[in-house]
Amino acid sequence: MKTEEYIGEVMPDGHLSLPEKVAKGLRLEPRTRVRVIIEKVEQEREKHMLSNEAKRKALAIREFIADMGPVDLSEKFRERYK
């Protein structure tokens, strides 16, 4: 099952916002049934949360560094992650 995580907003009429990018990524069409898990995000915590893209990039950097071993990373690292 493919999932997405994002920070949404409760609209005045009680509906939840859904970014178009998320809807397209999950191939959602009108009236598609979805499972929703809600967690209230505190304002301070929201500032420190990473976007999915930032998380993926951080994990890729970590994996790249782990694969390099003890050799000097500086040049290769700078080239790959400008």
Side-chain angles (χ1 to χ4, degrees):
M1 173 174 53
K2 188 173 181 184
T3 63
E4 285 285 341
E5 182 177 330
Y6 68 94
I7 302 296
E9 192 175 317
V10 178
M11 307 309 255
D13 64 358
H15 287 84
L16 298 174
S17 64
L18 178 65
E20 190 175 332
K21 182 178 177 181
V22 172
K24 285 182 179 180
L26 294 174
R27 297 185 196 151
L28 299 177
E29 296 185 17
R31 306 266 183 225
T32 300
R33 294 174 54 95
V34 297
R35 179 180 310 270
V36 178
I37 299 171
I38 298 176
E39 175 185 359
K40 185 176 179 182
V41 177
E42 299 301 325
Q43 202 68 356
E44 190 61 31
R45 183 173 172 220
E46 185 176 348
K47 292 177 187 175
H48 298 293
M49 290 186 70
L50 294 175
S51 68
N52 283 338
E53 182 180 341
K55 288 177 190 175
R56 280 188 223 117
K57 191 168 189 175
L59 290 173
I61 291 170
R62 184 176 76 180
E63 185 177 320
F64 178 71
I65 291 171
D67 288 346
M68 292 297 295
V71 297
D72 181 16
L73 298 172
S74 59
E75 284 304 314
K76 292 179 182 176
F77 185 80
R78 272 192 287 249
E79 281 301 311
R80 185 161 181 187
Y81 297 101
K82 287 183 179 180

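We use all heavy atoms of the structure for the numbers below, so side chains are in, but hydrogens, waters and symmetry mates are not. Quick caveat: nothing in here was measured; it's all calculated off a predicted structure.
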_Exercise: identify the closest heavy-atom pair between Lys2 and Gly25_ = NZ-O, 3.0 Å
*Minimal non-hydrogen separation, Gly8 against Ser17, with atom names*: CA-OG, 3.4 Å
_Starting from Leu16 and following side-chain heavy-atom contacts under 4.5 Å between hydrophobic residues (I, L, V, M, F, W, Y), which residues can be reached?_
Tyr6, Val10, Leu18, Val22, Leu26, Leu28, Val34, Val36, Ile38
_Filter on side chain to side chain donor-acceptor pair (under 3.5 Å), then keep only pairs touching residues 23-34, sequence neighbours left out; what's left?_
Glu20-Lys24
*Enter the distance from Lys55:NZ to Glu5:CD here, rounded to the nearest 0.5 Å.*
4.5 Å
